Amino acid sequence: MNYMGSVEGNKQAKSVTMADRALFLLLVGFLVNLPVSADQQTYIVHIEKAKTRSDRWHEAIIDSISELSSPEEAAAAQGVLDTGIWPEHVTFQDSGMQPVPSRWKGECEGGVNFSARNCNKKLIGARSFFKGYEAAAGRINETVDFRSARDGQGHGTHTASTAAGNFVKKASLFDFAKGSAVGMRYSSRLAAYKVCWQFGCASSDILAAIDQAVVDGVDVLSLSLGGLSKPFYADNIAIASFGATRNGVFVSCSAGNLGPSPSTVTNTAPWIMTVGASYMDRSFPTKVKLGDGQSFEGSSLYSGPRTKRLPLVYNTTAGGTGAGFCLTGSLDPKLVKGKIVVCERGVNSRTAKGEQVKLAGGEGMLLLNSDAEGEELLAEAHILPATSLGASAANTVRRYVTSSMNPRAAISFRGTVYGNPAPIMAAFSSRGPSIFGPGVIKPDITAPGVNILAAWPPIVGPSLLKSDNRSVKFNIISGTSMSCPHVSGLAGLLKSVHSNWSAAAIKSALMTTAYTLDNRRAPMSDLGSNSGLGDPFAYGSGHVDPERASDPGLIYDISAKDYLKYLCSLKYTPAQVAVFAKRNYACRSNAAALPSDLNYPSFAVLVNKTAGIFSFVYKRTVTNVGMAPSTYRAHVVEPDGVLVTVKPRTLVFGKRGENLSYKVIFAASKGAPNLTNSSFGSIIWVSGRYIVRSPIAVTWV
């Protein structure tokens, strides 16, 4: 099992062999800090039409939605499965909250440095699950972690506060991202289920925690963790989340941090909301100026002064074997002292490289991306002056430091900057198509997941280094672990407005109202794409838009029976389907079900490369949850090489709650190019202010 403490660690952490049931933990998400230009202002990043911007939030958005919620609905419980929680953090205060609803059946379990007194009207439940973990890895090392719900890692506190943290004024990390911080559903109750420990998370513990959370009475489950993709019947997260969904619980999971490689997305069961990660318009830029006058922009959360112009050393001029990557013990103090060291990404964590430079007497670090890592710039709270650099700048630095007789550089730090193009897909965000469920587009959606400010335990340094003794209330980290709780919190918002909606209806509303244009009205970019543009295998339906999702017009609903039929379409055996049905279940042999029959809010089309002429018919049913009467007309953006026909092209609803069906025919276009990968399009139903969009992904296999 791999335990990942950052995006870098997600790909490079050392492996610890454990039971097959153990899963990966994706450590990438914290409490959302809303971009501000002054300490006393409160903002949220949200979408309006085709824009992502910083705008006044509390008055304009949350209050307007909260007014629609009764006190009981406003008490909706967010269950977070993670590394636990730091209950004393100010973001988990319960001032002004109503008593815990009587329907809540959860508990605040005691344990090491944790008791029932640590819970309140905000944090209404806390449990820890470690039987599976200890069976595989031995007893928990209590010098490293707490054998209780208390968070000794930081990740769980961060994700919980992102989903449902209370208002905190003057939040920042070393004055970076200064402003008011608040979770996406600040009035929600929280229940923390600690399932992840020093070396990761046992899937048996995750299954037990999900089942317990359903019994306790959570309305939303947020899982910023996952493992390598596997068939759903062998995936405990898929199995347990199906049971949760059947009981009306919305389940949101991270897509993974293994992008931009294709088919790396995880948590792909269709009843799970699978969330990718994207950039906001906020950055933390640096300037690197070389001795020859060339300048480059990087990114860093180092809070000290700029460096002087200092000598540059790299690889053999910095030490012995491993010096190019700044590995432990590889740097020679005689060569490094008083200089800036150039370090390649990979093998060890980014902040650990800086630690090695500092231990060897270095005065700064340039952290270089490889060509494969591209132009992605992740900010870190380094313990010395340091900055990351994109691939193009990195190549120039390598040439300069290896060819100049006296290479030098200086690093300056520009603080917090707003107004960048956004959203942009993060290169690390895992991509589709799904290996074990190719009939459904995954991920489903994207949300902010890069450089996210959120709550942090005071005992854990912001760099995650043991030598880092800095104590902070908030930290800034990146990953799909950060984007997942954004969507979890928004699902709680929708549940408060539409208490009778199913989990599938909430998911549909979030997907069909998502947007794919940035704040400059250009198509969303993707730092992991060769073309520079995003597509549904990166962002799913698009970037989440909470305002439009609260009033989507139409929804695509799916029942538990529909999901079971979908599993039958995957040719699962009766025993494999029974894992989900919890009883004997026989797939109907007279009904030739296809994965495409699932009433999903997107369209995944698989075409055999040798098929030549093809024609596929998909059927969908939509429910009117908007104005009535209303008339919707279909608009089609055809993928390359495919003709798309919608029948009928007009849907007329006479009342709210009415269901109408339509068919979509996908056929080969004449003179279609010889496509070898994928092409994309969309079907958009429009009625007045309602725009209900479903992406199309055609894959030639």
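It should be emphasised that the depicted structure is a prediction, and the values quoted were computed from it without experimental measurement. Counting from 1, the numbers follow the sequence of the chain as shown.
- Taking CD from Gln356 and CG from Leu384, the interatomic distance works out to 11.5 Å, rounded to the nearest 0.5 Å.
- Of the possible polar contacts, one joining the Thr387 side chain to the Ser299 backbone as a donor-acceptor pair under 3.5 Å is found.
- Ion pairing between Asp145 and Arg150 fails under the 4.0 Å rule for side-chain N and carboxylate O.
- Here the shortest heavy-atom pairing between Gly364 and Val357 reads O-CG1, 3.5 Å.
- Asp518 contributes no side-chain N or O that, together with a main-chain N or O of Pro423, makes up a donor-acceptor pair within less than 3.5 Å.
- Note: Asn257 CG to Ser430 OG = 6.0 Å, rounded to the nearest 0.5 Å.
- Of the charged side-chain nitrogens involved, none lies within less than 4.0 Å of a carboxylate oxygen, so that Glu297 and Lys287 do not count as a salt-bridged pair.
- In this structure, Thr91 contributes its side chain and Ser161 its backbone to no donor-acceptor pair below 3.5 Å.
- For Phe167 and Tyr186, the distance between ring centers is under 6.0 angstrom.
- Listed here is the closest heavy atom pair of Leu389 and Gly298: CD2-CA, 4.0 Å.
- Rounded to the nearest 0.5 Å, atoms CD (Glu380) and OG (Ser300) are 8.5 Å apart.
- Checked against the 6.0 Å centroid threshold, His543 and Tyr279 do not count as a close aromatic pair.
- Looking only at distances, no side-chain donor or acceptor of Asp281 sits under 3.5 Å from a matching main-chain atom of Pro421.
- The closest side-chain heavy-atom distance from Thr286 to Arg414 is not below 4.5 Å.
- The CD1 atom of Ile340 sits 4.5 Å away from the CD1 atom of Ile411 when rounded to the nearest 0.5 Å.
- Minimum heavy-atom separation, Thr513 to Asp545: O-CB, 3.5 Å.
- By the 4.0 Å N-to-carboxylate-O rule, Lys507 lies close enough to Asp444 to be salt-bridged with it.
- Side-chain contact between Lys473 and Trp456: absent, with no pair of heavy atoms (C-beta onward) separated by less than 4.5 Å.
- Both tests do not hold together for Arg189 against Trp104: distance to the six-membered ring centre under 6.0 Å, angle to the ring axis within 45°.
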Under the side-chain contact (heavy atoms from CB on, under 4.5 Å) criterion, do Ser388 and Arg350 qualify, and how do the steps go? CA-CA 9 Å; Ser388 58; Arg350 295 183 292 272; 5.8 Å; no
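- With hydrogens and angles ignored, the 3.5 Å screen pairs a side-chain donor or acceptor of Lys194 with a backbone N or O of Phe146.
- Residues that satisfy the ring pair (Phe, Tyr, Trp, His ring centres under 6.0 Å) test with Phe129, not counting sequence neighbours, are absent from this structure.
- Partners of Arg309 according to the salt bridge (Lys or Arg N to Asp or Glu O under 4.0 Å) rule, which considers only residues two or more places apart in sequence or in another chain, do not exist here.
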I would like to know whether Gln153 and Val460 meet side-chain contact (heavy atoms from CB on, under 4.5 Å); could you show each step before the answer? CA-CA 7 Å; Gln153 310 291 329; Val460 182; 5.9 Å; no
Can you list the steps and then say if Ser463 with Thr351 is a side chain to side chain donor-acceptor pair (under 3.5 Å)? CA-CA 6 Å; Ser463 68; Thr351 54; 4.9 Å; no
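- When all heavy atoms of Glu363 and Thr307 are compared, the pair lying nearest together is O-CG2, 4.3 Å.
- Under the 3.5 Å distance criterion, the side-chain polar atoms of Thr480 are left unmatched by any main-chain donor or acceptor of Ser429.
- The two residues Cys484 and Ser254 make their nearest non-hydrogen contact at CB-OG, 3.6 Å.
- A distance-only check finds a donor-acceptor pair linking the side chain of Ser471 to the backbone of Pro458 [under 3.5 Å].
- In this structure, Asp94 contributes its side chain and Met97 its backbone to no donor-acceptor pair below 3.5 Å.
- More than 12 heavy atoms of other residues, nucleotides or ligands shown are found within 6.0 angstrom of CZ on Arg470.
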Do Phe474 and Val168 pass the side-chain contact (heavy atoms from CB on, under 4.5 Å) test, and can you show the C-alpha distance, the side-chain angles, and the key distance before you say yes or no? CA-CA 10 Å; Phe474 294 88; Val168 181; 3.7 Å; yes
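- Salt-bridge annotation for Asp219 and Arg103: present, with a side-chain N of the basic residue lying under 4.0 Å from a carboxylate O of the acidic one.
- Counting only N and O atoms by type, the side chains of Ser496 and Arg185 include a donor and acceptor under 3.5 Å apart.
- For the residue pair Tyr193 and Asp216, a side-chain donor N or O sits within less than 3.5 Å of a side-chain acceptor on the partner.
- Looking at Asn166, its side chain does come within 3.5 Å of a backbone N or O of Gln93 through a donor-acceptor pair.
- Rounding to the nearest 0.5 Å gives a distance of 5.5 Å between CD1 of Ile445 and CG of Leu510.
- Inspection of the Arg548 and Ser550 side chains reveals no N or O donor paired with an N or O acceptor under 3.5 Å.
- Distance CD1/Ile477 to CG/Leu301: 11.0 Å, rounded to 0.5 Å.
- Using a 3.5 Å distance cut-off with no hydrogens or angles, the side chains of Arg282 and Asn451 do not pair a donor with an acceptor.
- Smallest separation of non-hydrogen atoms from Arg147 and Trp197: CA-CZ3, 4.0 Å.
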Please determine whether side-chain contact (heavy atoms from CB on, under 4.5 Å) holds for the pair Leu221 and Ser252, giving the CA-CA distance in whole Å, both sets of side-chain angles, and the decisive distance to 0.1 Å. CA-CA 6 Å; Leu221 276 171; Ser252 178; over 6 Å; no
Between Ser488 and Gln78, does a side chain to side chain donor-acceptor pair (under 3.5 Å) hold up when you go through it step by step? CA-CA 8 Å; Ser488 305; Gln78 298 264 348; 5.0 Å; no
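- Counting only N and O atoms by type, the side chains of Asn118 and Glu88 include a donor and acceptor under 3.5 Å apart.
- In this structure, the side chains of Pro462 and Phe174 come closer than 4.5 Å at one or more pairs of heavy atoms.
- Side-chain atoms of Thr159 come within 3.5 Å of backbone atoms of His155 as a donor-acceptor pair (strictly under, hydrogens ignored).
- Between Cys196 and Cys201, a gap of under 2.5 Å is found separating the two SG atoms.
- Under 3.5 Å, the side chains of Thr274 and Asn267 contain no donor-acceptor pair of N or O atoms.
- No hydrogens or angles considered: a donor-acceptor pair under 3.5 Å links the side chains of Ser283 and Asn420.
- Using the six-membered ring where Trp is involved, Phe284 and Phe176 have ring planes that are perpendicular, over 60° apart on the 30 and 60° scheme.
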